[in-house]
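Some notes on the structure that comes next.
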Amino acid sequence: SQPVSDGDGRYSPAVRQLATAHGLDLSHVKGTGTGGRVTKKDVQEFIAETGGLAASPP
Amino acid sequence: MAETECDVVVIGAGPGGYAAAFQAADLGLRTVVVDQEAQPGGVCLLRGCIPSKALLHAARVISEAEDARAWGIEFDKPRVDLETLRRRVKTIIAKLTKGVQALAGSRKVELIQARATFKDKTTLSLNGSGGSRELTFAHAILATGSRPVVPGSLAIDDPRVMDSTGALDLPDVPARLLVVGGGYIGLELGTVYHALRSEVTVVEALPRLLNGADLDLIRPLQQRMERRFKAIKLETKVDKLESRKDGIAATLAGSGGSTTEVFDRVLVAVGRRPNTEQLGLETTKVALTAKGFVQVDRQLRTAEPAIFAIGDVAGEPMLAHKATHEGLIAARVIAGQQTAFDATAVPAVVFTDPEIAWCGLTEEAAKAAGQAVTVTKFPWLASGRATTLGRNDGLTKLILDKESGRVLGVGICGVGAGELIAEGVLAVEMGAVAEDVAASIHPHPTLSETVMEAAEAFHGYPTHLYSKR
Amino acid sequence: MAETECDVVVIGAGPGGYAAAFQAADLGLRTVVVDQEAQPGGVCLLRGCIPSKALLHAARVISEAEDARAWGIEFDKPRVDLETLRRRVKTIIAKLTKGVQALAGSRKVELIQARATFKDKTTLSLNGSGGSRELTFAHAILATGSRPVVPGSLAIDDPRVMDSTGALDLPDVPARLLVVGGGYIGLELGTVYHALRSEVTVVEALPRLLNGADLDLIRPLQQRMERRFKAIKLETKVDKLESRKDGIAATLAGSGGSTTEVFDRVLVAVGRRPNTEQLGLETTKVALTAKGFVQVDRQLRTAEPAIFAIGDVAGEPMLAHKATHEGLIAARVIAGQQTAFDATAVPAVVFTDPEIAWCGLTEEAAKAAGQAVTVTKFPWLASGRATTLGRNDGLTKLILDKESGRVLGVGICGVGAGELIAEGVLAVEMGAVAEDVAASIHPHPTLSETVMEAAEAFHGYPTHLYSKR
Ligand SMILES: Cc1cc2nc3c(=O)[nH]c(=O)nc-3n(C[C@H](O)[C@H](O)[C@H](O)COP(=O)(O)OP(=O)(O)OC[C@H]3O[C@@H](n4cnc5c(N)ncnc54)[C@H](O)[C@@H]3O)c2cc1C
Ligand SMILES: Cc1cc2nc3c(=O)[nH]c(=O)nc-3n(C[C@H](O)[C@H](O)[C@H](O)COP(=O)(O)OP(=O)(O)OC[C@H]3O[C@@H](n4cnc5c(N)ncnc54)[C@H](O)[C@@H]3O)c2cc1C
């Protein structure tokens, strides 16, 4: 899938850890936080919806 | 619209007013500030935050020097020269007030010393030492602040009965000081006079000190004050004050009945009232709330569209940083920016010893609202840094959303809590979750680690705390 | 895999090791910690962070009491009882080390006092006072820390030449102290001895103190130290130390030639070296970096898959909180969690007077990397709180991404900087932009406002600062 966030890396520690744990590429996750920031909840919902399909190749 | 003499006039040069004026000028507006005082700075600078904190710094030095005995550093009691201390505080105030003047000058903000009253919704009349004049404006920002309340029963005509302004003047160090009111102003000034060797008695009508702060945060402070002050009497009212030769006789009515005690001075610090009178507000559509504050919307606009109100006069919490923040917003709105007050966490700090600071949701407020929160706590007993300071009397707590762990509020009691709360405010404002705070590396050994360790308690155990679940 | 006696053995009970062990136990692993010392806590607790900060607290009380003269609070010079001071520090250490023991006990982490060496990649041999034994493990975490380096030319056999451990023992207060090394350990201990009335000379081979911190942050500290210390000699090397009856003669070689001065004691604080020797690492695949640290990946795994390394032994920065954080990560990885070290900002604090603290990108590093940053600064001269403390000698700066305003680094010099930096770390980790920090309401009057005002400078002017652009 296409990246939906500009991937400027403004991810909080909790978001980064969750992405690491699930091998996710965060640029696929749409942010709903202030200024379009990806929140932990966004990542959790993304995982629930996709089953972590957007996992980045290692 | 007729040409006005200025784009914005700000009435009151306190931390709300001058911040608003500077912001307005920085955004290109012709700005005038009117204040009746000779020096800008408002209550905060002249008789509030600044002098009280300067005196509290002196108090802290005195009390730390006492505590140093246990470290093998023995000081004799200091000689206190009240005149030098007063002068020092005045010098600090003068320095800051000159700074505000200089900043106004370089921004081309005109400062006028006069008392302002509205003549109508576009005209002020200004009464200064040089006579009166009128000033037309496109927008006005009301930043007239607040003043101490002295209830009728305590308003006796004796200079030994003081409000906070009188107490900050340090007329002398009374052997016996009665502080009426267990809010932050009373406790801070009580701390100052205690360090200067007054015997301090605090009375508070409510069953608790510092209404608004969580009780567990108050406990370490209360315990220390109970050891140092003569007495803290809760659920006690001062029924009457009477001038006597040997002091002020105070009739204290508590659950155990009524007693009369004599004090050398009395500080009445029971509350503050917004300055809304004799402003000619009746010539405008400006409306007041039930509590007597000027009614404003989230853009700080009053019922009169061209008139804004900020700071103490515009509502609780009556704190300088709230005033400043509102001032910035009001100026931006006037300059045409789409913005509004949307801070979720206004911090409050009590600069006692230890300090108490909190922001966002309190545990008690969450409970009252039936909100599902998890409260995690890290007692300073387990803090290495607190131990090196000999000050384990503290507590750090987080109020977290039960499900997501989002930081909704932070409360801290302990030395330096007023500085530590800044991280808490940022966490709340950024929508941080407990893990974010826990994963941010806090330097060792610092008191800020207690915030991190409290956050660690949400998912697991903090390194330095363990309790069976 | 054969059954091992434990899931994890941690070698070294410093802030890295015990944090790792506690986390491992909390995650259900059978955990053992081995340390050769009788008390857990490592360098940090026994002869590093904790004793140095306790002594620095005493130093601060002494120096604030001196400064209080200007406030009309006059203290006579304190009587310093070194024995009580030493005992106080020992009591603090004992309290904390007992705390670590108790936490280990309640978590069922076994603490073994022994020297550990690898026999092979799954077996340690432990040599303790009670003899030797072997211990098989599924995973090992190497947390053996570091020790002071004393260069050969300075390693003379005279107890008056001390390393940091010796200086922390406070053998006496030398009239003339030479501190070799202008890093944080030398400056902190120099501050302690100065407060206790030593005449302090600092020599540093580099042209600057505190390599790694931005120069503008160092300036306020250096200026104060230059007023208080006897001398700070940069670009100066100690060529030779010689024992004499009347002291240690030091040959100092600087740009202006070579001189010999006599000191009563010399503190050598020029660096620390990781403890990688005599560990039997050659029986494993564990590899070292060019600088002699154990080589690890982002999961803290060495070249030997079952062996991890954390803390000082695993690389710079050699700081306790880095050790602790790595310890937590290593334990989680061993427990099967998918995680890795990904902190962007490890803070560093120099607990001198004033303090210096920074995190994330420094201005100098940004320049060296050609990174497009905007640096905003707020001098403490303009801070109300600093003025009430009489401590305007400070600076707060933000290193911001030029385009987005994202906070990449924060640097602070001033009293209490070590606590203030926590907000900076959170800002960097959360990906905050300048506006986020500016819009967070910072309580007034506090030093934390300087962070907010520095942030305000990105888009406009801070309220309390104005400079033509
Ligand atoms: C002892 C004490 C300690 C305090 N400590 C703290 C603290 O540590 N932190 C904190 O956040 N807050 C503290 N406060 C509260 C703080 O001082 C106020 O919240 C703050 O000053 C409010 O700012 P403001 O701009 O709304 O108005 P003010 O500071 O009250 O200023 C109002 C100004 O308006 C002027 N004015 C009023 N009417 C007119 C008129 N008609 N014409 C011309 N001028 C007029 C007044 O002269 C005054 O200068 C303290 C208060 C007290 C009394
Ligand atoms: C004077 C001084 C002041 C400092 N101040 C600070 C500060 O304020 N803030 C800060 O962050 N850092 C500070 N540090 C640095 C800090 O102490 C270290 O970064 C920290 O202790 C590293 O922790 P660690 O867990 O890696 O190892 P260490 O704390 O070094 O602990 C290693 C442990 O391993 C044990 N050990 C080693 N080899 C073996 C073996 N073969 N068998 C058994 N046991 C073994 C040692 O006995 C020791 O107890 C200071 C250091 C010094 C010297």
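In what follows, chains are A, B, ... by sequence order, proteins preceding strands, each numbered from 1. What you are looking at is a predicted structure, and each value in this text was computed from that prediction instead of being measured.
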Interchain contact, V349(C) with chain B, by part (heavy-atom threshold 4.5 Å):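 Interface part for V349(C): side chain.
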
Under 4.5 Å from any heavy atom of chain B - which part of A348(C):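 Interface part for A348(C): neither.
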
Any non-hydrogen side-chain atom of [X] less than 4.5 Å from a side-chain atom of [Y]?
X	Y	result
H444(C)	I50(B)	yes
L328(B)	T463(C)	yes
P78(B)	E74(C)	no
R107(B)	Y461(C)	yes
D436(C)	M430(B)	yes
T388(B)	F351(C)	no
K53(C)	R385(B)	yes

Approximate separation, where rounding is to 0.5 Å, of [X] [atom1] and [Y] [atom2]:
X	Y	atom1	atom2	answer
L426(B)	M452(C)	CG	CE	12.5 Å
L389(B)	R60(C)	CG	CZ	7.0 Å
T387(B)	I93(C)	OG1	CD1	11.5 Å
K95(B)	N392(C)	NZ	CG	3.5 Å
I421(C)	I441(B)	CD1	CD1	13.0 Å

Can you name the residues that form a salt bridge (charged side-chain N to carboxylate O under 4.0 Å, His left out) with R391(C), not counting sequence neighbours?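 Result, salt bridge (charged side-chain N to carboxylate O under 4.0 Å, His left out) vs R391(C): D353(C), D393(C).
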
Heavy-atom closest pair, residues [X] and [Y]:
X	Y	value
E64(C)	E64(B)	OE1-OE1, 3.8 Å
G418(C)	P443(B)	O-CG, 3.6 Å
S440(B)	V425(C)	CB-CG1, 4.0 Å
H325(C)	A439(B)	CE1-O, 3.5 Å
W71(C)	A54(B)	CZ3-O, 3.2 Å
D76(B)	F75(C)	O-CD2, 3.8 Å

Using a heavy-atom distance cut-off of less than 4.5 Å, which residues of residues 97-104 of chain B contact chain C?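 When heavy atoms of chain C are the reference, residues 97-104 of chain B contributes L103(B) within the under-4.5 Å range.
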
Which region of [X], side chain (C-beta onward) or backbone (N, CA, C, O), has a non-hydrogen atom less than 4.5 Å from a non-hydrogen atom of chain C, or is it both or neither?
X	value
I73(B)	both
A65(B)	both
L96(B)	side chain
A70(B)	both
C359(B)	neither
A345(B)	backbone
H321(B)	both

Keeping the roles fixed (side chain from E419(C), backbone from T446(B)), state whether a donor-acceptor pair exists under 3.5 Å.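 Answer holds: no.
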
Top of [options] for chain C proximity - count of heavy-atom pairs under 4.5 angstrom:
options	answer
L45(B), I92(B), D342(B)	I92(B)
A343(B), A320(B), G72(B)	G72(B)
L465(B), L420(B), V346(B)	L465(B)

Option that, when pairs with chain B are counted at under 4.5 Å, heavy atom only, ranks first among H464(C), E423(C), R88(C):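 Among H464(C), E423(C), R88(C), the one with the most close pairs to chain B is R88(C).
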
Most chain B-contacting option - heavy-atom pairs closer than 4.5 Å, from L27(C), L85(C), L196(C), V428(C):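 Sorted descending by pairs with chain B, the first entry is L85(C).
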
